[in-house]
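Proteins come first, then strands; the chains are lettered A, B, ... in the order of their sequence lines, and each starts at number 1. All values below were derived from every heavy atom in this structure, side-chain atoms included, with hydrogens, water molecules and symmetry-related copies excluded. Note that the coordinates shown come from a computational prediction; the quantities given were computed from them, not determined experimentally.
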Amino acid sequence: MIIAKNLTKRYGKHTALDNLSFTIEAGEAVALWGANGAGKTTTLRCLLGIQGFEGELTISGINVSRNAKAARAAIGYVPQETVFYDMTVMETLFFYARLKKTELQRANTVLEQVQLEAHHIKRVNMLSGGMKQRLALAIALLADPPVLVLDEPTANLDVKAQRDFIHTVQLLNQAGKTIVFSSHRLDEVIALGSRVLVLAEGKLTLECPPQELAHKLGLHRWLRIWVAAQHKDTTLRILHEQGYATMPNGRSVYVQVTSDGKIAPLRSLESASIPVEDFDLIDGEIMLKETDHD
Amino acid sequence: MIDFTNVVTITRKELRDALRNRWFIVFTIAFAGIALALSAFMQPNNSALRVASYSRTAASLVNLVLLFVPLIGLTLGAANLAGDRETGALAYLLAQPVSRVEVLLGKYLGLAGALLATLTLGFGVAGVTLALQGSVQDAASYLFTVTLAYLLALAMLSLGFLMSTIAQKTTAALGGALFLWLFLVFIGDLGIMGTAISTQMPIQTVFFIAAANPLQMFKLASILTMQANLEVLGPAGLYATDQFGGLLLPMLLLGLVVWIVLPLVASITIFARQEKFVFKGA
């Protein structure tokens, strides 16, 4: 379905992609993993043919460098943050349907697919972030392309919107769509990916199943637990006494956990009669970013 | 290979966006209002004076075009592509099955349509007023002036698009457009005059430098249309009339067309090769 051979991209002296080669079979869901600047977005832009590159890249037999427009017609694209023009949801879908040479009736079908049909007359700028991303997914699905390219599509979404979005993409993958996505979230990669390509400085450094990623990269996962303010100190003390690495952060507490020990800190707090208001599982890199910002 | 259905789709969207743009609506109302005022109040009641007065009204409309049209054409073009680039809308549009040439042409034609609609409204209102006051015999001259204003508007839009293509940020594109407007409308003229006097530049050189300015091309062609010679412009005008005679008007028209085509082709060429620059935050 997608074959990349010696993909190289240079911006002046900086090499963004360095002889990157990979193959993605039809129906796979492949995650691109790596730090900022590793080459994930550049790889996705090469797939879309919106920037030049050296090497060979084919999508469904279409040579991307020779026929970028045809390659884009075979791809549905969802960026990290989609910026729409000032139109209603339906007008937006019609606009992109015309560019994709798709019947306008498809707009209704894709709106149902992403559960936005109740919002079709709303102006796009009235939609929440999650809804906008679902609209971007609807646009990506308009021409029923075989490949979906998603560039950190849930990066700006809240937890519920992330789950809903990933669930929809999972269903699309099950229905046969080939998915190529970049993500910083380990849980998302595990939930959606069938394979992970780990990039570092534009090179492919590791290729493995998502379940092995955390172990192979030595990644930690953190449980973020929200408790009432009066229980925060007790929570930190109890978890610390039980040998957990903890870190307070605003109204919540971070607890470092293993893949098979996520529930244990919650049970400990339950035994100590400390009510947990909410919790979330995040990977180490994200946690460090969040605490940096805070 | 350009897919013109894509161009039309983008043109329609741009046209609609421009017609919803508040600043553009204000410009349209202001232009039409001033054009109406000029045509209504500059015509005398005495019918014997009407023929001479038509030229005066038309000259006022030409000055109105010289001031307003470059400003709106340049800024509208400059803000468009750079604005879309800055918000990220351009990168998303380019990720669709469209080519860059289609995107740029669609955007240009959409804005051109909106700009020409504004001019048509302004000149239309003024033209009807003039006709009601009995200046029907000058209709051909008036329509030719309108055509020249169309060409000037398209040339300014092309230059605005060029600014938009090469500037990284909307503010830089708009700044460049405003500077160019100032240069073409005021500094260019004064600079040439000052240089001509201080260096005792030959009259033909003064004429060619002045005539290279698209605004001057429009002005010269408009005056020619109204008066058949350029005596009103002094020695440079006399030189041009003597030297080129009947060829002068076609030359000026061709010059305006070149000012439309060259910046537009340059924009398309640059835009088609731009890489990192196109993406927000890249």
Asker: Can you give me the closest heavy-atom contact between A/Ile50 and B/Leu94, atom names plus distance?
Answerer: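 Between these two residues, the closest heavy atoms are CG2-O, 3.1 Å.
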Asker: Around atom CD of A/Glu28, are there more than 12 heavy atoms from other residues, nucleotides or ligands closer than 6.0 Å?
Answerer: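 Yes, because the 6.0 Å sphere around CD of A/Glu28 holds more than 12 heavy atoms from other groups.
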Asker: Verify the ring-centre separation between A/Tyr96 and B/Tyr92: is it less than 6.0 angstrom?
Answerer: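 Distance test on ring centres: under 6.0 Å, yes.
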Asker: Does the side chain of A/Lys101 reach to within under 4.5 Å of the side chain of B/Asn6, using non-hydrogen atoms?
Answerer: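 In short, these two side chains touch, coming nearer than 4.5 Å.
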Asker: Rounded at 0.5 Å granularity, tell me how far CG in A/Leu99 sits from CD in B/Glu102.
Answerer: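 It is 9.0 Å, given to the nearest 0.5 Å.
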Asker: More than 12 heavy atoms of other residues, nucleotides or ligands under 6.0 Å from CD1 of A/Ile121: yes or no?
Answerer: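 No - once you tally the heavy atoms of other residues, nucleotides and ligands closer than 6.0 Å, there are 12 at most.
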Asker: Ignoring hydrogens, what is the shortest heavy-atom contact between B/Gln96 and A/Arg72? Give both atom names and the distance.
Answerer: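 Looks like O-NE, 2.7 Å.
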Asker: Could you pull out the closest heavy-atom pair between B/Met1 and A/Lys69, with the gap in Å?
Answerer: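 Looking at all heavy atoms of both residues, the shortest contact is O-NZ, 4.1 Å.
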Asker: If I take atom CZ from residue A/Phe95 and atom CG from residue B/Leu93, how far apart are they, to the nearest 0.5 angstrom?
Answerer: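 Between A/Phe95 CZ and B/Leu93 CG, I get 5.5 Å after rounding to 0.5 Å.
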Asker: Sort by residue number and list every member of residues 13-31 of chain B having a non-hydrogen atom under 4.5 Å from chain A.
Answerer: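 Expected list: B/Lys13, B/Arg16, B/Asp17, B/Arg20.
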Asker: Among residues at least two apart in sequence or on other chains, which ones pass salt bridge (Lys or Arg N to Asp or Glu O under 4.0 Å) with A/Arg10?
Answerer: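 Salt bridge (Lys or Arg N to Asp or Glu O under 4.0 Å) check on A/Arg10 returns A/Glu54.
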Asker: Counting only heavy atoms not in A/Arg106, do more than 12 fall under 6.0 Å of its CZ?
Answerer: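 Yes, enclosed.
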Asker: Non-hydrogen atoms of chain B under 4.5 Å away: do they reach the side chain of A/Tyr85, the backbone, both or neither?
Answerer: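 Answer is side chain: those atoms of A/Tyr85 sit under 4.5 Å from chain B.
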Asker: Heavy-atom count around A/Arg66 CZ within 6.0 Å, excluding the residue itself: above 12?
Answerer: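 Open: at most 12 neighbouring heavy atoms sit under 6.0 Å from CZ of A/Arg66.
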Asker: Please determine, among A/Ala140, A/Ala70, A/Ala73, the option with the most heavy-atom pairs under 4.5 Å with chain B.
Answerer: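 Heavy-atom pairs under 4.5 Å are most numerous for A/Ala73.
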Asker: Restricting to salt bridge (Lys or Arg N to Asp or Glu O under 4.0 Å), what partner residues turn up for A/Glu188, sequence neighbours left out?
Answerer: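 Result, salt bridge (Lys or Arg N to Asp or Glu O under 4.0 Å) vs A/Glu188: none returned.
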Asker: What part of B/Asp84 gets within 4.5 angstrom of chain A, counting heavy atoms only: side chain, backbone, both, or neither?
Answerer: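 Interface part for B/Asp84: side chain.
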Asker: Is there any ring pair (Phe, Tyr, Trp, His ring centres under 6.0 Å) pair reaching into residues 156-177 of chain B, and which pairs are they, with sequence neighbours excluded?
Answerer: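 Residue pairs passing ring pair (Phe, Tyr, Trp, His ring centres under 6.0 Å), neighbours aside: B/Tyr108-B/Phe161.
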Asker: Non-hydrogen atoms of chain B under 4.5 Å away: do they reach the side chain of A/Ala136, the backbone, both or neither?
Answerer: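 For A/Ala136, heavy atoms of backbone and side chain both lie under 4.5 Å from chain B.
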